[in-house]
Amino acid sequence: METTLLYGKQGLTITVPDEATIVEPKDIPKLEDDEAAVLSALRNPIGTAPLREMVKETDKVVIVISDITRPTPNEKLVPWLIKELSHVPLENFVVINGTGTHRDQTEEEFVQMLGQWVVDNIRIINNHCHDKESLKKVGESRFGCDVYLNKEYVEADFKIVTGFIEPHFFAGFSGGPKGIMPGIAGIETIMTFHNARMIGDPLSTWGNMTNNPVQDMTREVNSFCKPDFMLNVTLNKEKEITNVFAGELYEAHDAGCAYVKEHTMIECPERFDVVITSNSGYPLDQNLYQAVKGMSAAHKIVKKGGTIICASECADGLPNHGNFGEILKMRKSPQEILDMINDPEFKMFDQWQVQKQAVIQVWADVYVYSTLSEQDVADAMLTPTNSIEQTLEQLKQKYGEQMTVAVLPLGPLTIPYVNE
């Protein structure tokens, strides 16, 4: 049978065995009038007064957005927020791009993310996690580091964080407080947030919010300089808005997480020999670094010694910024990589993504279908494939004609699990 994976902007149609199990959530239709739904949420929020009533005309207002690796529809949300706050002069707004440790966005990318009107009328800045001058200390974390956040955010009169909520492979769920931590945090704080102990904790996993140290730290950091208002949405596979959660940071985020968990966590009766996954298509599959999320979703239901096939376009390479590719070349096997990262003396930003990838590779073989060169894929200790169908045929020699196959067409927008 044929099935279509979310891949790049166009999708990828593949042929899989008729008996393959397709694992995806029920498709939720988009809101008929998403602007009306967002404005209603701003006026009837969870746990706060209506947004407009909270903001004074003289306030300097910051709106924190997620960067270009996330599909948050900020081209809609930001203009609607500004429209709702029409009593505030445009020069009083600043949009902060929550890059975390990722690269700056260009003006052309900001137009893509926010629309021409916002770029022409509102000041926009990238967060720079390495630039101490642009950061401000707001506290000391119980997890063992000073907490630095973007200075303009800290000093603003009114703080809004936007985002979208989906299951997250070590924070439980994205959105909410993650817009601030790590979105606009300093590198010292981010390194603690992503250290080997935090990432390696078994409770740091998909869909878990209970005693998850990563989620606990992001919430603690937010408490030092909390956003005054949160606006988050949920999306379907077409990246259309399906629901809106706005208001007090923790209450509104918890409500959104409960909604997402109900629709995206899919139980499977047993593990599979082979799991084919996407990385949810553009913009989530821009590079191999992000594709680890798709591999991690598949890891939840693949047998020990099984095989994961991950389709991720990777139009932005490994990427060519950051340390992801460099760290992968430091040792000769996934286990050696894990041993290196688990050494308390080892500290390099981007190690967290390599750590997650290595954990997956110790468990299962990983093939990658992408636009990357075969050498780039091999350098990442992964196996390139130019044909998913041919790879499936070859794998029958390993697992036999009764080989079991599962497909995650939406990648990490679906989180499968097995009760073991």
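Closest of all the heavy-atom pairs between A311 and L12 is CB-CD2, 4.1 Å. Among all heavy-atom pairs drawn from C314 and L372, the shortest one is CB-CG, 3.7 Å. D350 and G322 make their closest contact through OD2-CA, 3.3 Å (heavy atoms, listed as atom of the first residue, atom of the second, distance). Annotation for K159 and K226: closest pair CD-O, 4.0 Å, computed over non-hydrogen atoms. Summarising the geometry of P71 relative to K239, their closest heavy-atom pair is CB-CD, 3.9 Å, with the distance given to 0.1 Å. Pairing each heavy atom of N232 with each of G176, the nearest pair is OD1-N, 2.6 Å.
Under a cutoff of 6.0 Å and an axis angle of 45°, K132 and Y148 form a cation-pi pair.
At least one donor-acceptor pair closer than 3.5 Å links the side chain of N126 to the backbone N or O of Q105. A donor-acceptor pair under 3.5 Å is formed between the side chain of Q357 and the backbone N or O of A380. At least one donor-acceptor pair closer than 3.5 Å links the side chain of N236 to the backbone N or O of I28. Distance alone, capped at 3.5 Å, places no donor-acceptor pair between the T277 side chain and the M295 backbone. Side-chain atoms of W363 come within 3.5 Å of backbone atoms of V302 as a donor-acceptor pair (strictly under, hydrogens ignored). For D59 (side chain) and V61 (main-chain N/O), no donor-acceptor pair under 3.5 Å exists by modelled atom type. In this structure, the side chain of Y250 engages the main chain of R219 through a donor-acceptor pair within 3.5 Å. Between the side chain of Q355 and the backbone N or O of A196, at least one donor-acceptor pair lies under 3.5 Å. N150 places no side-chain N or O within donor-acceptor distance of the main-chain N or O of N127, the cut-off being under 3.5 Å.
Using a cut-off of 4.0 Å between Lys/Arg side-chain N and Asp/Glu carboxylate O, E109 and R103 are scored as salt-bridged. Electrostatic pairing of E155 and K60 does not count as a salt bridge here, judged by no charged N lying under 4.0 Å from a carboxylate O. Salt bridge K347/E188: absent, no basic N to carboxylate O contact under 4.0 Å. Checked for salt-bridge contact, D131 and K151 miss the test: no charged N lies under 4.0 Å from a carboxylate O.
Counting heavy-atom neighbours within 6.0 Å of K304 NZ, excluding the residue itself, gives a total above 12. The environment of E133 atom CD is sparse: at most 12 non-hydrogen atoms of other residues, nucleotides or ligands sit within 6.0 angstrom. Annotation: E35, atom CD; neighbour count of heavy atoms from other residues, nucleotides and ligands within 6.0 Å is above 12. Within 6.0 Å of CG in D343 there are more than 12 heavy atoms belonging to other residues, nucleotides or ligands. Atom OH of Y369 is surrounded by 12 or fewer heavy atoms from other residues, nucleotides or ligands within 6.0 Å. Atom NZ of K329 is surrounded by 12 or fewer heavy atoms from other residues, nucleotides or ligands within 6.0 Å. In the displayed structure, D120 atom CG is contacted under 6.0 Å by more than 12 heavy atoms of other residues, nucleotides or ligands. Counted within 6.0 Å of CD on E108, heavy atoms from surrounding residues, nucleotides or ligands total 12 or fewer; the atom is thus considered open.
Using modelled atom types, one finds no donor on one side chain facing an acceptor on the other under 3.5 Å when comparing D273 with Q402. Remark: the Q290 side chain and the S312 side chain contain no N/O donor-acceptor pair separated by less than 3.5 Å. No hydrogens or angles considered: a donor-acceptor pair under 3.5 Å links the side chains of N74 and T162. Remark: the D67 side chain and the T69 side chain contain an N/O donor-acceptor pair separated by less than 3.5 Å.
With F349 as the partner, the ring-ring contact (aromatic ring centres under 6.0 Å, His included) test is satisfied by one option alone out of H321, H130, H194: H130.
Expressed to the nearest 0.5 Å, how far CZ of F346 lies from CG of N195 amounts to 12.5 Å. Within the model, atoms OH of Y259 and OG1 of T234 stand 4.5 Å from one another, a figure rounded to the nearest 0.5 Å. Taking CG from D316 and CD1 from I68, the interatomic distance works out to 8.5 Å, rounded to the nearest 0.5 Å. Separating the SG atom in C129 from the CG atom in L149 is a distance of 12.5 Å, to the nearest 0.5 Å. In this structure, Q215 CD and S174 OG are separated by 9.5 Å, a value rounded to the nearest 0.5 Å. Interatomic distance, CE of M181 versus OG1 of T189, reported as 6.0 Å (0.5 Å rounding).
No side-chain heavy atom of M209 sits less than 4.5 Å from a side-chain heavy atom of K261.
Between F324 and Y289, the two ring planes are perpendicular [angle over 60°; tilted spans 30° to 60°].
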